[in-house]
Amino acid sequence: MERLEVRHLRTLCAIADTDSLRRAAAAQGYSQPALTTQLQRIELYFGEPLFARSSVGVAPTALGAEIVAQARDVPARMDALGPRANRSVKAEGRTAHCSRYRPRREASRCYRA
């Protein structure tokens with residue numbers, strides 16, 4: 001993984017909120033193995049585990065808690081950019097195309113036409 005994406009931050013927040021990889025996967029619309037693979041890639045990106053796994057669930061490590069705390073407002077900010085892009089592009093007489101992939105991928109994807 002070369003870069004961190006908004007979907008990765010959503011995944012980390014879902015895991016922290018549910019304390020379970022299985023429930024986080026269901027909430028994000030992923031299979032549990034797919035979410036586990038994504039988490040492993042994210043942890044590889046940061047170079048250490050972000051969640052301690054046990055038979056009763058998962059809990060954020062110190063680094064995991066710090067990253068989740070910083071990541072919480074990023075998805076909401078990204079979602080807010082979609083309508084803003086629409087307004088500014090319409091003012092220029094062009095159109096903006098924004099779509100959201102929910103529930104699986106909630107990141108707004110915008111481009112100008």
Side-chain angles (χ1 to χ4, degrees):
M1 185 170 83
E2 293 183 17
R3 63 185 174 148
L4 199 61
E5 298 177 10
V6 175
R7 67 187 174 101
H8 299 131
L9 301 179
R10 290 182 195 281
T11 295
L12 293 176
C13 291
I15 295 169
D17 291 344
T18 61
D19 298 325
S20 163
L21 296 178
R22 182 184 52 79
R23 287 192 300 268
Q28 294 293 302
Y30 293 118
S31 68
Q32 188 270 324
L35 183 119
T36 299
T37 299
Q38 187 178 89
L39 176 58
Q40 289 170 342
R41 289 181 179 152
I42 296 168
E43 289 177 327
L44 188 61
Y45 177 84
F46 283 104
E48 63 184 89
L50 301 180
F51 292 90
R53 293 137 172 103
S54 72
S55 60
V56 295
V58 296
T61 62
L63 177 61
E66 180 183 331
I67 290 170
V68 168
Q70 292 180 27
R72 288 225 179 258
D73 66 336
V74 174
R77 288 181 177 198
M78 293 298 291
D79 287 344
L81 289 175
R84 172 118 179 140
N86 259 337
R87 285 192 304 272
S88 67
V89 171
K90 280 183 182 178
E92 296 172 11
R94 299 185 302 163
T95 58
H97 303 279
C98 295
S99 61
R100 294 184 183 172
Y101 298 94
R102 298 198 188 265
R104 178 171 236 175
R105 295 200 172 112
E106 297 185 11
S108 295
R109 299 176 187 224
C110 301
Y111 61 92
R112 294 179 180 204

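None of these values were measured; they are calculated from a predicted model.
Rounding to the nearest 0.5 Å places CG of L50 at 4.5 Å from CD1 of I67. Between the CD atom of E5 and the CD atom of Q38 there is a distance of 8.5 Å, given to the nearest 0.5 Å. For the atom pair L63 CG and F46 CZ, the distance stands at 7.0 Å (nearest 0.5 Å). For the atom pair CE (M1) and CZ (R3), the distance works out to 10.5 Å, reported to the nearest 0.5 Å.
R72 approaches D17 most closely through the heavy-atom pair NH2-OD1, 2.7 Å. Annotation for G64 and P60: closest pair C-CB, 4.1 Å, computed over non-hydrogen atoms.
Looking at Q32, its side chain never comes within 3.5 Å of a backbone N or O of R22 through a donor-acceptor pair. Panel note: side chain R23, backbone T18; a donor-acceptor pair is recorded below 3.5 Å.
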Practice problem: Report the C-alpha separation of I42 and F51 in whole Å, then their side-chain angles, then the decisive distance to 0.1 Å, and conclude whether the side-chain contact (heavy atoms from CB on, under 4.5 Å) test is met. | Solution: CA-CA 11 Å; I42 296 168; F51 292 90; over 6 Å; no
Exercise. Determine, stepwise, if the pair T11 / Y30 fulfils side-chain contact (heavy atoms from CB on, under 4.5 Å).
Key: CA-CA 10 Å; T11 295; Y30 293 118; 4.0 Å; yes
Exercise. Go through the steps to decide whether I15 and V68 satisfy the test side-chain contact (heavy atoms from CB on, under 4.5 Å), and finish with yes or no.
Key: CA-CA 9 Å; I15 295 169; V68 168; over 6 Å; no
Exercise. Would you sort out whether Q40 and L44 count as a side-chain contact (heavy atoms from CB on, under 4.5 Å), showing the intermediate values?
Key: CA-CA 6 Å; Q40 289 170 342; L44 188 61; over 6 Å; no
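Contact annotation: the side chain of T36 never approaches that of R53 to less than 4.5 Å [non-hydrogen atoms, C-beta and beyond].
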